[in-house]
Amino acid sequence: MKATINITDTMLKKSIIDANKSVCDLAKEFSFDYSEADCGQKHPVVGKYPDGTEARITFYKAKTRGDKRISITNLKHQAKVGDVVTLKRFKKNIKILIHQQPF
């Protein structure tokens with residue numbers, strides 16, 4: 001199971017990422033179902049970048065409107081606008097892969 005996210009400027013600046021279908025499917029692999037979660041509910045998972053840097057990946061529903069979201073710590077230090085981030089389950093954790101897009 002994997003999820004892919006196309007990185008935008010807003011995602012890097014505000015650290016707010018909407019959970020697309022692939023993210024929602026991956027969250028279910030970690031026992032977090034967005035359709036059953038309450039507003040404000042969070043589910044953190046340990047992640048790791050290819051360089052060994054650890055990250056906290058949090059699946060959550062926004063408190064106010066209940067938007068489906070994901071946050072990934074240190075993302076703005078690892079990726080840039082236009083990159084594609086792939087999240088892959090690895091045992092009880094997530095591998096974070098960055099596919100840099102040529103400009």
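In what follows, every heavy atom counts, from backbone to side chain, and hydrogens, waters and symmetry copies are set aside. Computed from a prediction, not measured in an experiment: that's the story for all the values here.
Judged as a salt bridge (Lys or Arg N to Asp or Glu O under 4.0 Å), and not counting sequence neighbours, the contacts of K13 are D9. Remark: R56 pairs with no residue by the salt bridge (Lys or Arg N to Asp or Glu O under 4.0 Å) rule, at least two apart or across chains. Not a single side chain to side chain donor-acceptor pair (under 3.5 Å) links T4 to another residue, sequence neighbours left out. Residues satisfying the ring-ring contact (aromatic ring centres under 6.0 Å, His included) test with Y34, not counting sequence neighbours, are F32. Partners of N93 under the side-chain contact (heavy atoms from CB on, under 4.5 Å) rule, at least two apart in sequence or in another chain, are V46. Here K21 pairs with D25 under the side chain to side chain donor-acceptor pair (under 3.5 Å) rule; sequence neighbours left out. Every side-chain contact (heavy atoms from CB on, under 4.5 Å) that D18 has, sequence neighbours left out, goes to R69. Residues passing the salt bridge (Lys or Arg N to Asp or Glu O under 4.0 Å) test with E54: none are found, sequence neighbours excluded. Residues forming a side-chain contact (heavy atoms from CB on, under 4.5 Å) with K28 (at least two apart in sequence, or on another chain): D33. Residues satisfying the side chain to side chain donor-acceptor pair (under 3.5 Å) criterion with N20, sequence neighbours excluded, are S22. Applying the side chain to side chain donor-acceptor pair (under 3.5 Å) rule to N74 yields no partners; only residues at least two apart in sequence or on another chain are considered.
Here the closest heavy-atom approach between residue K88 and residue L97 is recorded as CD-CD1, 3.7 Å. Between A62 and C39, the closest heavy-atom pair is O-CB, 3.6 Å. Residues Y49 and A55 come closest through the heavy atom pair CE1-CB, 3.6 Å. A pairwise comparison of heavy atoms in A3 and L26 identifies CB-CD2, 4.0 Å as the closest pair. Of all heavy-atom pairs spanning C24 and A19, the tightest one is SG-O, 3.9 Å. In this structure, L12 and A79 approach most closely via the heavy-atom pair CD1-O, 3.8 Å.
We find the CD1-CE distance between I94 and M1 to be 11.5 Å, quoted to the nearest 0.5 Å. The CD1 atom of I17 sits 11.0 Å away from atom CG of N6, with the distance rounded to the nearest 0.5 Å. Rounding to the nearest 0.5 Å gives a distance of 12.0 Å between CG of L75 and NZ of K80. Here CD1 of I72 is found 8.5 Å from CZ of F59. Values are rounded to the nearest 0.5 Å. Separation of atoms CD1 (I7) and NE2 (H99) is listed at 11.0 Å; rounding is to 0.5 Å.
Cluster membership for L87 and V45, using ILVMFWY side-chain heavy atoms within less than 4.5 angstrom, is shared. M11 and I57 fall within a single hydrophobic cluster, where Ile, Leu, Val, Met, Phe, Trp and Tyr side chains are chained together by heavy-atom contacts under 4.5 Å.
Screening residues 37-47 for side-chain hydrogen bond (donor to acceptor under 3.5 Å, both in side chains), with sequence neighbours left out, gives no hits.
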In sequence, state the C-alpha distance, the side-chain angles, and the governing distance for V85 and Q78, and then conclude on side chain to side chain contact (heavy atoms under 4.5 Å, CB included).
CA-CA 10 Å; V85 172; Q78 298 280 338; over 6 Å; no
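Annotation: side chain of I16 is not in contact with side chain of T10 (no heavy-atom distance under 4.5 Å).
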